[in-house]
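To start, the structure under review is shown below, and the notes come after it.
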Amino acid sequence: MSRASNPNARAPMLFDIEPVRAPRAELYAQVALNRPVAVEFTYSVPSDLAPRVVPGVRVAVPFGRMREVGVVTSTSTRCELDQVRPLAALLDDEPLVGSELLELTRWIAERYACAWGEALHAVLPAALKRETESAKVIVASVASGVGQRELAEIESSQPKQYRVLRTLLELDGAIELRELCRQLNLSDSAARSLQRRGWIRLERVEAGAGELETSRVERSRPERLHEMQREALAVMQAALERKQHRAFLLQGVTGSGKTEVYLALIERALQLGRGAIVLVPEIALTPQTVGWFRSRFENVAVLHSRMTDAQRFRMWKRLQRGEARVVVGARSAIFAPIADLGVIVVDEEHEPSFKQGSTPRYHARDVAVERARGAHAICVLGSATPSLESWQAAREGRLTRLSMPVRISGHGFPPIEVVDVRSEPIGPTGHKLFSRRLLVLLGETLARREQAILFQNRRGFAPVLWCSGCKETLRCARCDVALAWHQRIQRVVCHSCCEELPAPKACPTCTKPGLRYVGAGSERIELEIARVAPGARVRRMDSDTMKRREDYEATLAAFGAGEVDVLVGTQMIAKGLDFPRVTLVGIVSADGALHLPDFRAAERTHQLISQVAGRAGRGELPGRIVVQTMSPEHPAIRAAAAHDFERFAEQECELRAELGYPPFGRLVRVLFEDASERAAVDTAREFTEALRERLAGRPVVTLGPAPAPIALVRERHRQHTLLKLPHDASTIQATLAALRETAEATTRLRPVIDVDPSSLL
Ligand code: ADP
Ligand code: ZN
């Protein structure tokens, strides 16, 4: 069956336009549009445009009564349909999407059950999805003279405007409006209202080059590579030189010199006239990381999520012209238009942030391997604690494993001490926040004028407000999560929808006064350090304090320059930081992720401990690590403490194999969300039943539907169904087809289909 179709024929009831009889044309184009239907649409090509309409060019086409931008996927001189409309305009003189990316997006559409047009949409910079391009961005700042008085005036009457104004006042500078809205989870209407009051300024400015564009960090080239580095490099270079596709798992402990291997490999690729893409987790895309690449190569391009549309667009053009041959970036940089790719590196390949959380829900690691295959390039997946998917793939020979088991410095690993906080005395705050052991080591570290990192993977002061009367916790009215107390802003905040409220004086359920602040987030840790280590210079690094990239850079620079003694933070500090004077790392609580209702809970915990621990003792000075937990016997924690990834992976894989979870099977999650609980439940049930029928006789396990672990988000009820499939191409294909058909037959709400989900919450 042809994938191409006709817009008028497909949805006649949606558009009250007359079908157009096909004018006889010499050429027809199949066009992928950003629509959730698994077909391309056919248009006739006006004869004057025909020579230039080729696969990969953008065109404007009529769609119903609208005009849309799409990408031509193929052309043909024949057309079976009897009704087609002509395309309206040609937007590019040359293909904007080369054949390589065209193929890659088609692969994504098939693998992740979305439309080709939706996959293409993810690839193109926003500016290229419209007919006209704008190089301007809107920047918000507080009008002069506006301050706490105005803030107080709208505190209770205009909660959204209040959040915008408070954040801008805190920033004490300008921020791009889009970024501000993204962080506050708001549309821009609150900011527009503030502008009308004359309290904030919204200015359209030419987008600058971006700070990461200029970072350069000296990284001296090592005199010679370590033997294990040379061995790993030799294997990969051999494949590179033969222009042979191969995928590697570079399993190297933290400090084993993986970055040096990447640099050397890319250097070789450039000598051979080929380009490179380096993917790092968004959080690890620091000036330090980028700077390493900049100091070694000319013309390194950076792609990250905080770039403006205009910056992204300029970068895309630069890459297309071949002005930069190396790209360092987060997830979406895998689509960078680099011709003749030689190397793709995915550093920290186990990171969940490589999975995109909206359509197309691709996993950049898997896309990287596929892109490398198409480009006859080599793909290097690097990690100290690989995902079990990659680890198992290496065991089965689908990836070639290269091991770097020791640290370059020759110092070995700093010991990890696991402290059972259940046996610690309760401190004056009613919390076992810091164990005696951690306090002793912190004191010693500060006395030696060395630095410490304290990790706590929660924001705010207290994650839970608890009533001792009715034993209830304070919850968000719109989401199924507890509200966290944020002391500095004196409010309770929902970490799911970002709404906030003044804390109630009494329990809303039983009216008993005095809710208790239970547990500790990074804000409390920061404040407590000031109490237990007076005089220590403390800085906090989490998304509350680091609204702008500049803040992040300034804090890292201060830490690097020794102006900060203790860095407290969330996962923002877990990755990539390489500061030789850090000799103590404390994980205040390792239990946060351990009890999540997700089969990867143990894996995530193990990875996080290993990663945070890897920040200590990276230089000449010996490091020490304290892990505080209430589950010291948990295998994930024990293995991390023993620096024994292999043991953990083997144990965990046995469990997964028994349960048929990845890597021993594939998962697809279907999520149903609706404001009406009834509608969510009913649709989930009907959909799942229809799906079961379609899949009858296939070796697919269908679990559910059931309420999702977080059953309410932003007033939308959530139900989900989980499918477990074997690694078998025909079953997978049949399942995806059944999902697509069932989804297309579902009229009430559109389920989210998440292939290879990285979170089941
Ligand atoms: P990883 O990425 O595996 O954690 P890095 O590549 O950051 O490790 O290397 C760790 C440290 O060792 C860095 O400070 C780096 O400069 C240094 N290093 C790497 N390779 C060598 C080498 N061959 N000789 C000396 N120092 C090296
Ligand atoms: Zn909420």
Side-chain angles (χ1 to χ4, degrees), residues 159-160 163 184-186 217-233 249-267 278 280-281 284 286 288-293 295-296 345-351 380-386 402-414 460 473-484 491-501 560 574-582 610-621 623 643 645 710-718:
K160 289 182 180 153
R163 278 164 59 201
L184 299 178
N185 206 350
L186 291 173
V217 174
E218 272 321 305
R219 184 183 179 99
S220 52
R221 181 191 297 268
E223 301 250 311
R224 47 182 294 151
L225 291 178
H226 188 282
E227 191 176 328
M228 63 184 180
Q229 288 173 314
R230 278 204 310 272
E231 278 172 16
L233 191 61
L249 174 62
L250 182 61
Q251 190 175 340
V253 296
T254 53
S256 60
K258 295 188 289 296
T259 311
E260 255 345 295
V261 174
Y262 304 150
L263 289 167
L265 192 60
I266 293 169
E267 195 160 44
V278 181
V280 300
T286 60
Q288 200 182 27
T289 315
V290 171
W292 291 336
F293 289 88
S295 70
R296 201 65 68 81
V345 172
V346 184
D347 193 27
E348 313 277 14
E349 64 87 31
H350 60 275
E351 255 299 293
V380 189
L381 310 180
S383 178
T385 52
L402 303 167
S403 294
M404 303 210 295
V406 297
R407 284 191 154 178
I408 291 283
S409 60
H411 289 320
F413 285 108
T473 57
L474 195 63
R475 305 188 82 78
C476 177
R478 311 167 69 223
C479 310
D480 180 25
V481 302
L483 291 169
R491 306 203 132 207
V492 289
V493 177
C494 171
H495 289 181
S496 166
C497 71
C498 303
E499 290 244 324
E500 45 178 68
L501 299 163
K575 310 205 164 59
L577 307 191
D578 187 5
F579 294 106
R581 290 200 66 79
V582 173
S610 307
Q611 210 128 59
V612 180
R615 302 306 114 215
R618 292 178 71 89
E620 287 303 309
L621 302 165
H643 298 284
F645 175 78
I710 301 177
L712 184 73
V713 170
R714 309 191 114 215
E715 293 179 320
R716 290 167 69 80
H717 296 269
R718 293 148 52 89

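Remember, it's a predicted structure, so these values are computed and weren't measured experimentally. As the structure lists them, so they are numbered: ligands from 1, and atoms in each ligand from 1.
Across every non-hydrogen atom of N185 and C498, the tightest pair is CB-SG, 3.6 Å. Considering all non-hydrogen atoms of both residues, A232 and L250 come closest at CB-CD1, 4.0 Å. Between P414 and G623, the closest heavy-atom pair is CB-O, 2.9 Å. In terms of heavy atoms, R618 sits closest to D578 at NE-OD1, 2.8 Å.
The atoms of ligand 1 that sit less than 4.0 Å from any heavy atom of V253 are 3 (O). Within the listing of ligand 1, atoms 6 (O), 19 (C), 20 (N) sit less than 4.0 angstrom from a heavy atom of E260. For ligand 1 and P222, the ligand atoms under 4.0 Å from any heavy atom of the residue are 21 (C), 22 (C), 23 (N), 24 (N), 25 (C). Taking a cut-off of under 4.0 Å to the non-hydrogen atoms of R224, the atoms of ligand 1 that pass are 22 (C), 23 (N), 24 (N). Residue D578 has at least one heavy-atom neighbour below 4.0 Å for each of these atoms of ligand 1: 13 (C), 14 (O). With ligand atoms numbered from 1 in the order given, ligand 1 contributes 23 (N) to contacts under 4.0 Å with heavy atoms of L225. Short contacts between ligand 1 and R618, defined as distances under 4.0 Å to a heavy atom of the residue, involve ligand atoms 4 (O), 7 (O).
Contact annotation for M404 and ligand 1: no heavy atom of the residue comes within less than 4.0 Å of the ligand. By the criterion of a heavy-atom distance under 4.0 Å, neither the backbone nor the side chain of D347 is placed next to ligand 1. Residue contacts with ligand 1 for T259 involve both N, CA, C or O and side-chain atoms from C-beta outward (heavy atoms, distance under 4.0 Å).
Between the side chain of Q229 and the backbone N or O of E260 there is no donor-acceptor pair closer than 3.5 Å. Using modelled atom types, one side-chain atom of R615 and one backbone atom of Q611 make a donor-acceptor pair closer than 3.5 Å. A donor-acceptor pair is defined here as one N or O able to donate and one able to accept, closer than 3.5 Å; such a pair exists between the side chain of R407 and the backbone of T254. A side-chain donor-acceptor contact under 3.5 Å links T289 to the backbone of A284. The backbone N or O of P159 lies less than 3.5 Å from no partner atom in the side chain of R163, so there is not a single donor-acceptor pair.
The distance from atom CD of E349 to atom CG of L249, rounded to the nearest 0.5 Å, is 6.0 Å.
For ligand 1, none of its N or O atoms has an N or O atom of T254 under 3.5 Å away. Taking any N or O of G257, backbone or side chain, at least one lies under 3.5 Å from an N or O belonging to ligand 1.
Heavy atoms of G255 approach ligand 1 to within less than 4.0 angstrom. Taking a 4.0 Å cut-off on heavy atoms, R407 fails to register as neighbouring ligand 1. Judged by the shortest distance from any of its heavy atoms, E223 lies outside the 4.0 Å radius around the atoms of ligand 1.
Residue nearest to atom 20 (N) of ligand 1, selected from Q229, Q611, H226: Q229 (by heavy-atom distance).
A 4.5 Å side-chain heavy-atom check between K160 and E499 finds at least one atom pair inside the cut-off.
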**Asked** What do the steps show when you test C497 against C476 for side-chain contact (heavy atoms from CB on, under 4.5 Å), and what is the final call?
**Response** CA-CA 9 Å; C497 71; C476 177; 3.9 Å; yes
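When SG of C494 and SG of C479 are joined through the Zn ion (ligand 2), the resulting angle is 110° to the nearest 10°.
Taking backbone and side chain together, H495 holds no N, O or S atom under 2.8 Å from the Zn ion (ligand 2). Among the atoms of C476, an N, O or S atom is found under 2.8 Å from the Zn ion (ligand 2).
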